[in-house]
Amino acid sequence: MPSILFVCLGNICRSPMAEGALRAEAARLSLDLTIDSAGTGDWHAGQAPDARAQATARRHGVEIGGLRARQVTAADFHRFDHIIALDHQNLTDLERLRPDDAPEDSLAALSLLLDHVPGRRGQAVTDPWFGDASGFDTTWAEVTAAARGLVAALLPSPDGRGLEPPRAK
């Protein structure tokens, strides 16, 4: 079963929204995926997602209020097949945190979330933190499109093999 970890800075808006969007898409298609989210920072550890993120997800029929923020760990690189950053700084931080003590093929593949959306490769997910509620709608649209792209990439192809999302180096 594929395992995916979404990572943003504090794990209280973008990454839990991405987790919720992928959980909803996987449930809709009856897919068995391991899905989690984390932050590169620890200052929100144990907190629920931002109320605006929760409200946005809830408007789309997805409940993320039970999620709790946590910080990404070195063990996550061994636990997950894919660690997906929500922006360039978090991808850089993940590359720095990646353990040196294991063969490359035994560690999670790193990518940006919007690399999984046609025409959006190399772009960051909108950070709605400092704006108003409309920014969360934009972020929800982006993470939902990415969830669909991830599922399409992870589903078995007609020859029975699953497709791998692109790796960012």
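Residue numbers count from 1 along this sequence.
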Visitor: Apart from Trp129 itself, what residues make up its hydrophobic cluster when side-chain heavy atoms of I, L, V, M, F, W and Y under 4.5 Å apart count as a link, directly or indirectly?
Guide: Ile12, Phe130
Visitor: Please tell me whether Leu9 and Val72 are part of a single hydrophobic cluster in this structure, the criterion being side-chain heavy atoms less than 4.5 Å apart.
Guide: no
Visitor: Please report the shortest heavy-atom distance between Gly20 and Val62, naming the atom on each side.
Guide: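 Smallest heavy-atom distance, with atoms named: O-CG1, 3.5 Å.
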Visitor: Can you sort out the partners of Asp137 under salt bridge (Lys or Arg N to Asp or Glu O under 4.0 Å), two or more places apart, ordered by chain and number?
Guide: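 Only Arg59 meet the salt bridge (Lys or Arg N to Asp or Glu O under 4.0 Å) criterion with Asp137.
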Visitor: When rounded to the nearest 0.5 angstrom, what distance separates CD1 in Ile35 from CG in Leu22?
Guide: 3.5 Å
Visitor: Using only atom types and a distance under 3.5 Å, with no angle test, would you say the side chain of Arg79 pairs donor to acceptor with the backbone of Ala108?
Guide: no
Visitor: Can you tell if the side chain of Trp43 reaches within under 4.5 Å of the side chain of Asn11, non-hydrogen atoms only?
Guide: no
Visitor: Testing the basics here: between Ala26 and Leu33, what is the closest heavy-atom pair and its distance to 0.1 Å?
Guide: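 Closest pair (atom of Ala26, atom of Leu33, distance): CB-CD1, 3.8 Å.
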Visitor: Kindly indicate, with the supporting measurements, whether the criterion side-chain contact (heavy atoms from CB on, under 4.5 Å) is fulfilled by Val7 and Leu86.
Guide: CA-CA 6 Å; Val7 178; Leu86 283 279; 5.5 Å; no
Visitor: Residues in side-chain hydrogen bond (donor to acceptor under 3.5 Å, both in side chains) with Asp32, at least two apart?
Guide: none
Visitor: Which residues pass the side-chain contact (heavy atoms from CB on, under 4.5 Å) test with Ala21, not counting sequence neighbours?
Guide: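 So Ala21 forms a side-chain contact (heavy atoms from CB on, under 4.5 Å) with Trp140, Val143, Thr144, Ala147.
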Visitor: Once salt bridge (Lys or Arg N to Asp or Glu O under 4.0 Å) is applied, do any residues pair with Asp50, and if so which ones, sequence neighbours excluded?
Guide: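 Scan of Asp50 (salt bridge (Lys or Arg N to Asp or Glu O under 4.0 Å), adjacent residues dropped) gives Arg52.
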Visitor: Is any side-chain heavy atom of Glu142 closer than 4.5 Å to a side-chain heavy atom of Thr138?
Guide: yes
Visitor: Give a yes or no on whether a salt bridge exists between Arg28 and Glu25, defined as a side-chain N under 4.0 angstrom from a carboxylate O.
Guide: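 Looking at Arg28 and Glu25, the cut-off is met.
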Visitor: So, the side chain of Thr139 versus the backbone of Thr126: is there a donor-acceptor pair under 3.5 Å, distance only?
Guide: yes
Visitor: With heavy-atom distances below 4.5 Å as the criterion, would you say the side chains of Leu113 and Leu150 are in contact?
Guide: yes
Visitor: Could you list the residues that satisfy side-chain hydrogen bond (donor to acceptor under 3.5 Å, both in side chains) with Glu19, not counting sequence neighbours?
Guide: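 Partners of Glu19 under the side-chain hydrogen bond (donor to acceptor under 3.5 Å, both in side chains) test: Arg23, Ser37.
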Visitor: Between His116 and Ser111, does a side chain to side chain donor-acceptor pair (under 3.5 Å) hold up when you go through it step by step?
Guide: CA-CA 9 Å; His116 304 275; Ser111 63; 2.9 Å; yes
Visitor: Could you list the residues that satisfy side-chain hydrogen bond (donor to acceptor under 3.5 Å, both in side chains) with Ser134, not counting sequence neighbours?
Guide: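 Scan of Ser134 (side-chain hydrogen bond (donor to acceptor under 3.5 Å, both in side chains), adjacent residues dropped) gives Asp132.
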Visitor: In plain terms, say whether Asp36 and Arg70 are close enough for a salt bridge, that is, a side-chain N and a carboxylate O under 4.0 Å apart.
Guide: yes
Visitor: With sequence neighbours left out, write down each residue that passes side-chain hydrogen bond (donor to acceptor under 3.5 Å, both in side chains) with Gln71, or none if nothing qualifies.
Guide: none
Visitor: So how far is it from Phe77 CZ to Leu107 CG, rounded to the nearest 0.5 Å?
Guide: 8.0 Å
Visitor: Below 4.0 angstrom, N of the basic side chain to O of the carboxylate: do Asp127 and Arg14 qualify?
Guide: yes
Visitor: Any side-chain heavy atom of Leu5 sitting closer than 4.5 Å to one from His82?
Guide: no
Visitor: What are the two closest heavy atoms between Gln89 and Asp87, and how far apart are they?
Guide: N-OD1, 3.2 Å
Visitor: Test of understanding: with side-chain contact (heavy atoms from CB on, under 4.5 Å), list the residues that count as partners of Ser3, not counting sequence neighbours.
Guide: Thr34, Phe80, Asp81
Visitor: Salt bridge (Lys or Arg N to Asp or Glu O under 4.0 Å) with Arg68: which residues, sequence neighbours excluded?
Guide: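 Counting only residues at least two positions away or on another chain, Arg68 forms no salt bridge (Lys or Arg N to Asp or Glu O under 4.0 Å).
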Visitor: Could you pull out all residues at least two apart from Ala145 that satisfy side-chain contact (heavy atoms from CB on, under 4.5 Å)?
Guide: Val117, Arg148
